[in-house]
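Positions are given from 1 along the sequence. Read the numbers this way: they start at 1 and go in the same order the structure lists the ligands and their atoms. Keep in mind the model is a prediction, meaning the values are calculated, not measured.
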Amino acid sequence: MEFSTQTSASLHQIKTAAVAVGVFSNNVLSPAADMIDRASDGAIRIALKSEFNAKAGSHLVLRNLTGVKAERIVLVGLGEQEKYTARVHATAENCFAQYCIQANLKEAVSALGSIDCSGTTLRQRSKAAAQAVISNTYRFDATLSKKADPIALKKFAIWTSRTQSSEAKEGLQEGAAIAKGSNFTRLLADLPPNICTPTYLADEAKKLAKQYPSLKVEVLQRKQMEALKMGSFLSVAKGSEQPPVFIIFTHKPAKKSSDNDGPIVLVGKGLTFDAGGISLKPAANMDEMKYDMGGAASVFGTMLAISELELDREVIGLVASCENLPSGSANKPGDVVTSMAGKTIEILNTDAEGRLVLCDALTYAERFKPSAVIDMATLTGACVVALGHVNTGLFSPDDALAEDLLQAARSSGDGVWRMPLDDQYQEQLRSNFADIANIGGPAAGAVTAACFLQRFTSAYRWAHLDIAGTAWRSGKDKGATGRPVPLLVEFLLKQSH
Ligand code: BES
Ligand code: MN
Ligand code: ZN
């Protein structure tokens with residue numbers, strides 16, 4: 001996809017397949033819509049009277065308007081002007097992008113970002129436009145006998161003034177990189193678990209690193225993990241015939257930023273399938289546990305995006321990947337294992353395996369002397385109960401780090417909600433036979449899971465993102481969302497300058 005800016009002052013003079021202009025309800029035209037309306041003898045106002053109510057997310061296509069060089073004008077509804085937000089703008093760009101791709105257009109121009117929108121910059125609006133276009137190109141056809149048709153759309157421009165063109169271009173580049181990263185996350189997550197195994201992820205990691213000079217990858221196999229004494233992680237892996245892997249990505253910028261901060265470390269839960277182990281899950285919807293590597297997939301997507309953007313900050317990505325299956329060699333309830341940190345863990349439920357895998361990855365992260373560690377995990381069903389599919393659960397004892405992530409969530413639109421981590425919850429993890437139990441009872445399940453992880457993070461600033469409700473959609477539109485890649489890239493961009 002070729003992104004550019006269109007700086008011709010007269011929108012109606014632009015020759016292209018489609019131009020999008022925004023319209024508010026109650027017949028309020030955006031300046032771009034007004035310009036087209038004047039050039040076309042009031043064609044837009046006529047349409048508004050008869051057949052378009054401008055509800056947010058709706059659109060109407062007008063063809064061959066006199067006085068307008070574009071083949072089509074796409075009116076995109078923006079709802080009430082007083083309620084116009086970044087989210088409505090993003091919805092509008094998405095609506096236009098979806099139309100252009102479904103209609104097989106080869107090129108298009110969006111004037112939707114030219115409208116001021118409270119709390120946004122042109123850079124952010126341009127970013128949203130590119131993100132909308134690239135995310136709408138995602139098609140899962142890896143395991144279909146009939147492949148998806150190629151995308152006809154090749155050129156997408158946004159309409160800006162000449163003076164703002166470079167700001168808009170930066171936004172376009174960011175949006176394209178974020179969506180490319182999150183589409184990669186979606187692909188890895190959507191792949192079936194008989195294809196996307198831990199070994200497959202390791203191979204994809206090596207392929208990814210070959211594509212970017214700033215990116216290096218190292219893969220640890222079981223033997224090396226044994227030498228590191230990752231006893232907790234390996235105890236989960238031993239129930240499966242698929243060997244576990246531990247992937248270490250390093251993004252080292254060519255031109256290092258002036259500060260001497262340690263790297264930011266991202267850690268992803270990479271269960272390529274979670275059947276629950278001996279504490280077997282019920283059969284209904286168990287297929288969705290292929291998405292239990294969503295955290296790992298978001299590490300891949302984020303590493304891709306920051307490599308595309310040549311982020312000037314060192315970032316390490318860690319992925320701990322295995323399967324959680326019942327078998328004669330699987331963990332049993334009552335087993336006590338020893339983590340890499342030396343703490344012993346009583347496994348009271350083998351389905352609480354994410355924390356068993358992550359705790360060793362979090363201990364491994366210490367060696368980088370990180371300035372911050374963020375883990376992403378489809379960790380608990382309890383988080384879905386608490387926050388549904390809207391917000392990712394954010395847990396951090398560090399207020400400044402939590403605030404930075406909340407800020408990144410606000411500006412990326414990739415929502416998070418901060419959850420508590422009071423010490424009182426730790427009591428629920430008490431064990432009679434080990435230093436800590438791997439479950440904390442039915443109350444506050446998402447919190448006690450985070451509390452378990454917290455025990456392994458005393459060496460650095462840390463935040464945990466429980467993406468159990470946000471990494472994928474169920475039902476008819478079942479599929480990975482690519483979250484929280486937009487959030488993470490936004491956060492990392494902020495940390496870089
Ligand atoms: N991967 C699951 C969490 C999950 C479940 C995410 C459903 C999304 C939808 C995790 O490994 C798990 O099984 N957690 C248990 C923990 C419990 C045994 C304390 C859960 O949430 O039921
Ligand atoms: Mn589980
Ligand atoms: Zn799991």
What do the steps show when you test Gln428 against Thr448 for side-chain hydrogen bond (donor to acceptor under 3.5 Å, both in side chains), and what is the final call?
CA-CA 7 Å; Gln428 290 175 237; Thr448 53; 4.9 Å; no
Do any of the N/O/S atoms of Asp351, backbone or side chain, fall under 2.8 Å from the Zn ion (ligand 3)?
no
Any side-chain heavy-atom pair from Leu379 and Phe395 closer than 4.5 angstrom?
no
Flag side-chain contact, heavy atom, 4.5 Å: Asn331 against Lys238
yes
Quick one: which ligand 1 atoms are inside 4.0 Å of a heavy atom on [X]?
X	answer
Met289	1 (N), 4 (C), 5 (C), 6 (C), 7 (C), 8 (C), 9 (C)
Lys269	1 (N), 10 (C), 11 (O)
Ile439	19 (C)
Ala468	6 (C), 8 (C)
Asn349	18 (C)

Within 2.8 Å of the Mn ion (ligand 2), is there any N, O or S atom belonging to Asp292?
no
What is the name of the N/O/S atom in Asp292 that sits closest to the Zn ion (ligand 3)?
OD2
Which single N/O/S atom of Asp274 lies at minimum distance from the Zn ion (ligand 3)?
OD2
For atom 12 (C) of ligand 1, what is the nearest protein heavy atom, given as residue, atom name and distance?
Asp351 O, 3.2 Å
At under 4.0 Å between heavy atoms, is it the side chain or the backbone of Leu379 that contacts ligand 1, or both, or neither?
backbone
Determine whether the side chain, the backbone, both or neither of Glu288 has a heavy atom under 4.0 Å from any heavy atom of ligand 1.
neither
Between Arg418 and Glu403, is the closest basic N to carboxylate O distance under 4.0 Å?
no
Trp472 near ligand 1, heavy-atom distance under 4.0 Å?
yes
Which single N/O/S atom of Asp274 lies at minimum distance from the Mn ion (ligand 2)?
OD2
Ser412 and Glu490: side-chain hydrogen bond (donor to acceptor under 3.5 Å, both in side chains), yes or no, with the steps?
CA-CA 6 Å; Ser412 65; Glu490 185 78 26; 5.3 Å; no
Can you give me the OE2-the Zn ion (ligand 3)-NZ angle for Glu353 and Lys269, to 10°?
90°
